[in-house]
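All remarks here apply to the structure that follows.
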Protein chains: 2
Amino acid sequence: MEAISYDRPSVIALLRKHGIAPTHQRLEIAQVLFGRCHHLSADQVLAKVNESQAETSKATVYNTLNLFRDLGLIREVIVDPKRVLYDPNTEPHHHLYNVDTGEITDIDAGALSVSGLPELPTGMVTEGVDIIVRVRASEASLG
Amino acid sequence: MEAISYDRPSVIALLRKHGIAPTHQRLEIAQVLFGRCHHLSADQVLAKVNESQAETSKATVYNTLNLFRDLGLIREVIVDPKRVLYDPNTEPHHHLYNVDTGEITDIDAGALSVSGLPELPTGMVTEGVDIIVRVRASEASLG
DNA sequence: GAGCAGATTAGACAAAGTCCAAAGATTGAA
DNA sequence: TTCAATCTTTGGACTTTGTCTAATCTGCTC
């Protein structure tokens, strides 16, 4: 397991290691993603990056998110039918999804095991197993 | 476990049992959904319903899918970031998702068990656990 | 600095889904 | 059967998420 540092030089090194140029926009986006543990949507990334001053366009945010995803630097989380979220945590883990608030929490995959998965059809390989625990506030707690 | 019959009188009875009027459009949509085992998108339902002649509008298809979902007659499958799919199988089960083709196959939940899920925060209850096995054709099988 | 490859951009575009006010269908009661 | 009340359906405008493109910009090498 490889810890990702969030300071600028480390991010620059990380991008170079993956063969992509560490442009100003990519660094800004990387820092927004890695600088917090939240799961962010493309729109949220765009807003954060341009918070103090306009830095990047919508197209660049989408380009960069897809690039980072292809390089394995971030993961897509498909849980909310309205939008894709991006997860800076690339360690094996699953998600707890609050259907009322939209809030997402990580579940470490270490403690968790799944048994009884069926054989895959010949010629197929598993790319990943996503587990989503959908939760909501109980009736009692809404009193 | 309760088997759902797909003939018109049974569907009418089912809708009435849930307190909703068995309108022409709802019956058409129900038959499209229950008459095959596929996972359909709203657009596909719309197309099927209007295959031979125009029967229902887009708005009605969306209204009805949401209604059926709220009543528990169908389930949303959130796997493809582009669209929600609707699953007429309401028995406990999970999904195999072919990331290349978009094809979805059911995995019976009976054979499957998950252990090591964390305690929920106080006041939260689980609404469901979705497991999605993402698969693709192996390199070898691509010749 | 010239040339070049790659990156960024605005804005047009596409698709999924929601919303609304008007029109249509259903139903129970008389 | 008819009526009125209620519920449904509808077209179309609208919103949101995401993609695409052609033009511009940047940074690098020579």
Side-chain angles (χ1 to χ4, degrees), chain A residues 11-12 14-16 18-33 39-50 53-71 73-87 99 102 104, chain B residues 8 11-13 15-33 39-50 53-71 73-74 76-87 102 104:
Chain A
V11 174
I12 291 177
L14 183 68
L15 296 191
R16 281 204 208 283
H18 283 91
I20 61 169
T23 64
H24 176 65
Q25 288 85 345
R26 285 174 183 161
L27 292 175
E28 290 296 325
I29 292 170
Q31 289 200 307
V32 165
L33 288 168
H39 303 74
L40 298 173
S41 68
D43 249 37
Q44 290 172 320
V45 171
L46 181 61
K48 280 280 176 199
V49 165
N50 292 334
Q53 61 200 282
E55 310 247 22
T56 54
S57 68
K58 184 175 68 155
T60 299
V61 168
Y62 277 100
N63 287 345
T64 304
L65 288 172
N66 290 338
L67 182 64
F68 285 4
R69 188 237 301 129
D70 292 345
L71 296 177
L73 301 179
I74 56 176
R75 238 175 71 174
E76 276 182 349
V77 181
I78 299 167
V79 159
D80 179 338
K82 287 218 180 322
R83 64 242 221 283
V84 173
L85 298 180
Y86 293 89
D87 188 345
V99 297
I104 293 185
Chain B
R8 212 139 179 125
V11 175
I12 291 178
L15 297 191
R16 282 205 206 281
K17 196 180 95 183
H18 284 91
I20 60 170
T23 64
H24 176 65
Q25 288 86 342
R26 285 173 182 161
L27 292 176
E28 290 296 325
I29 293 170
Q31 288 199 306
V32 166
L33 288 167
H39 303 76
L40 298 172
S41 68
D43 249 39
Q44 289 173 320
V45 171
L46 181 62
K48 279 281 174 198
V49 165
N50 292 334
Q53 62 199 283
E55 309 249 21
T56 54
S57 68
K58 184 175 69 154
T60 298
V61 168
Y62 278 100
N63 286 345
T64 304
L65 288 172
N66 290 337
L67 182 65
F68 284 4
R69 180 210 46 212
D70 292 345
L71 297 176
L73 301 179
I74 58 178
E76 276 181 351
V77 181
I78 299 166
V79 160
D80 179 339
K82 287 218 180 323
R83 63 241 221 281
V84 173
L85 298 180
Y86 293 88
D87 188 343
I104 293 185

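Letters go in sequence order (proteins before strands), and every chain restarts at 1.
The distance from atom CG of Leu40(B) to atom CG of Leu65(B), rounded to the nearest 0.5 Å, is 9.0 Å. Atom CG of Leu71(A) is separated from atom CZ of Arg69(A) by 10.0 Å, given to the nearest 0.5 angstrom. Atom CG of residue Asn50(B) and atom OG1 of residue Thr56(B) lie 4.5 Å apart, to the nearest 0.5 angstrom. Distance check: Leu15(A) CG to Phe68(A) CZ gives 5.0 Å after rounding to the nearest 0.5 Å.
We find that CD of Glu28(B) is positioned 11 Å from P of dT10(D), with the value rounded to whole Å. Taking atom CD1 of Ile20(A) as the reference point, atom C1' of dA5(C) lies 16 Å away to the nearest angstrom. In this structure, Asp80(B) places its CG atom 12 Å from P of dG18(D), rounding to the nearest Å. For the pair Gln25(A) CD and dT9(C) P, the computed distance is 4 Å after rounding to whole Å. As rounded to whole Å, 9 Å separates atom P of dT8(C) from atom CG of Leu67(A). One atom, CG of Leu46(A), and another, C1' of dA10(C), lie 13 Å apart when rounded to the nearest Å. Distance CG (Leu85(B)) to P (dA16(C)): 11 Å, rounded to an integer number of Å. Atom pair Gln44(A):CD and dG18(D):P shows a separation of 11 Å (rounding to whole Å applied).
Closest contact between the side chain of Ser57(B) and the listed nucleotides dT18(C), dT8(C), dT10(D) involves dT10(D).
Side chain of Asp87(B) to backbone of His39(B): no donor-acceptor contact under 3.5 angstrom is found. Side chain of Arg26(B) to backbone of Ala21(B): a donor-acceptor contact under 3.5 angstrom is found.
A residue-by-residue look at Asp43(B) and Arg16(B) shows that Asp43(B) has its nearest nucleotide of DNA chain C further toward the 5' end.
Residue Arg16(A) qualifies as open at atom CZ: its count of foreign heavy atoms under 6.0 Å is 12 or below.
Contact annotation for Ser41(A): no contact, since no heavy-atom pair falls under 4.0 Å across all strands.
At the phosphate of dT8(C), OP1 or OP2 sits under 4.0 Å from a side-chain N or O atom of Thr23(A). For the pair Arg83(B) and dT17(D), the criterion of a side-chain N or O lying under 4.0 Å from OP1 or OP2 is not met.
Against DNA chain C, the stretch residues 58-66 of chain A makes heavy-atom approaches under 4.0 Å through Lys58(A), Ala59(A), Thr60(A), Asn63(A).
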